[in-house]
Structures are given as structure tokens and as C-alpha cells.
Asker: 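Have a look at this one.
Keep in mind that this is a model prediction, so the values were computed, not measured.
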Amino acid sequence: TEIYTLSLHDALPIYFEINRIKIDRNKSLITAMEMRSELKSEIYKAQIDEIAVNMAMIKRYPNIYLGASYDVVGYNTSSQNDVKSNNWIASLAIKLPIPWDTWTQVTQRRAQQRKGDLKRSDLRDEIRFEVINASENLDFWQTESEKRKDVLLKIKKEYQDSIRKNNLP
């Protein structure tokens, strides 16, 4: 293997090239809103909160259960008249909710749902801020790099002029 050493006087070719990137901010915002896992998670939580509110609302109303049944047990062989033994059953059940806790649960679920809405809104604002900030940062550094390229070219030209003027190698 060969070892190369460079001194401060060795000339290194420096190439400075700017690649301008054009970004559509609205498209970036839409993509960020669709792809961010935190926002997706909060949307799923919103659906769960909606279900919880609906479940709490259902507990306010009574449940009514209706049932009917027809049973054939078989033939009565002990008697001389071979008669079937038929049974008819009908049932009605009403489950009344105890109202002492129902409204509290509904209020708690709605408050939890509202809290989730606020959290999603904050998360959307944060994502918007990050995308807009990144876009403005990109615009700034693209214009800044153009300026720095111009300064570099000016310095190189002045350096070449001074070398020619002083007859340096």
C-alpha cells in the first residue's frame, strides 16, 4: 500500500456545484399529513374515542330482549294415545340502566374525545410548522449557496489576478 501525504501548499481542485431543488410546499404538507405515524395513531385513537362515546350513550337506554321457542319432547309411550309432548316458551326481559353513573361516563368520554381532537389539531399544526420551516430553510440555503458560489468565484478570480500580477508560479 502507498501512503499519500498532502501539504498545505498542494493544490486541491475544489468543485462547488449547486443543484436547485424545486419543492411544492402544498404537496409536501399533504404527504407529511398522510405519512406521519403519530398522526395516524391519533386518528385511530379518535375512532376509538368515538366508539367509547357511542357505547356510553347506549348505556343510557334500556335493553329489551324478546325470545320465543317451540319444543317437541317426543311421543308419550306410557299412554295408549300416542300423543306428542309439545312445549311453547315465550320470554321478555327488560334491563333498565341505573342512571347514577351513566351521564358521568358520557361526559368523561366526550371530554376524552375533545382532548384527542385538541391533540390531533396540535399535531397537525406541528407537522405544518415543520414542513414550512424545512421549505423556508431550503429556500434560504439555496439562495445563500448561490451567494457563496459567487463569492468563491470572485475570490478565485482575484487570486488568479494577484498571481499573474506578481508573476508567481
Asker: Is it true that, when you exclude Phe140 itself, more than 12 heavy atoms of the residues, nucleotides or ligands shown sit nearer than 6.0 Å to its CZ?
Answerer: yes
Asker: If hydrophobic clusters are built by linking Ile, Leu, Val, Met, Phe, Trp and Tyr wherever their side-chain heavy atoms come under 4.5 Å apart, do Ile21 and Leu29 end up in the same one?
Answerer: no
Asker: Before accepting this row, confirm whether a basic side-chain N of the pair Asp150/Lys147 lies closer than 4.0 Å to the acidic partner's carboxylate O.
Answerer: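 Not counted as a salt bridge, because no side-chain N and carboxylate O are separated by less than 4.0 Å.
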Asker: Is a salt bridge present between Asp122 and Lys119, judged by a nitrogen-to-oxygen distance below 4.0 Å?
Answerer: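 Lys119 and Asp122: not salt-bridged.
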Asker: On a heavy-atom basis, which atom in Arg128 and which in Met33 lie closest, and how many Å separate them?
Answerer: CG-CE, 3.6 Å
Asker: Checking salt bridge (charged side-chain N to carboxylate O under 4.0 Å, His left out) for the pair Glu42/Lys45: CA distance, chi angles, key distance, verdict?
Answerer: CA-CA 5 Å; Glu42 286 301 317; Lys45 285 180 186 176; 3.5 Å; yes
Asker: Atom CZ in Arg20, atom CG in Asp139: separation rounded to 0.5 Å?
Answerer: 7.5 Å
Asker: Give a yes or no answer on whether the side chain of Arg114 reaches the backbone of Arg110 with a donor-acceptor pair at less than 3.5 Å.
Answerer: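 No; zero donor-acceptor contacts below 3.5 Å.
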Asker: Would you find a donor on one side and an acceptor on the other, under 3.5 Å apart, between the side chain of Ser121 and the backbone of Asp117?
Answerer: no
Asker: Could you state the interatomic distance from CE (Met35) to NZ (Lys40), rounded to the nearest 0.5 Å?
Answerer: 5.5 Å
Asker: Hey, does Glu136 have a side-chain heavy atom less than 4.5 Å from the side chain of Arg25?
Answerer: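 Yes, close enough: below the 4.5 Å cut-off.
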Asker: Is a donor on one side and an acceptor on the other found under 3.5 Å between the side chain of Thr31 and the backbone of Ser28?
Answerer: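 Such a contact is absent between Thr31 side chain and Ser28 backbone.
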Asker: Determine whether Ile94 and Leu66 fall in the same hydrophobic cluster, where Ile, Leu, Val, Met, Phe, Trp and Tyr are linked whenever their side-chain heavy atoms lie under 4.5 Å apart.
Answerer: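 Yes.
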Asker: Can you tell me how far the CG atom of Asn54 sits from the CG atom of Asp49, to the nearest 0.5 Å?
Answerer: 11.0 Å
Asker: For Ser135 and Val131, indicate whether the former's side chain and the latter's backbone hold a donor-acceptor pair under 3.5 Å.
Answerer: no
Asker: At their closest point, which heavy atom of Ile127 faces which heavy atom of Arg36, and how far apart are they?
Answerer: CD1-CG, 3.7 Å
Asker: When you look at Lys115 and Leu118, which way does the side chain to side chain contact (heavy atoms under 4.5 Å, CB included) test go after all the steps?
Answerer: CA-CA 5 Å; Lys115 185 177 174 184; Leu118 292 174; 5.7 Å; no
Asker: Show your working on side chain to side chain contact (heavy atoms under 4.5 Å, CB included) between Leu152 and Arg148 and close with a plain yes or no.
Answerer: CA-CA 6 Å; Leu152 179 64; Arg148 290 184 184 193; over 6 Å; no
Asker: CG of Leu138 to CG of Asn133: how many Å apart, nearest 0.5 Å?
Answerer: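 So the gap between those two atoms works out to 11.5 Å.
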Asker: For atom OH of Tyr70, decide whether the heavy atoms of other residues, nucleotides or ligands shown that lie under 6.0 angstrom number more than 12.
Answerer: yes
Asker: Is Ile43 reachable from Ile48 through a run of hydrophobic residues whose side-chain heavy atoms are each under 4.5 Å from the next?
Answerer: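 As far as the 4.5 Å side-chain criterion goes, Ile43 and Ile48 are not connected within one cluster.
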Asker: Going from CD on Glu144 to CD on Gln142, what distance comes out if it is rounded to the nearest 0.5 angstrom?
Answerer: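 That separation rounds to 12.0 Å.
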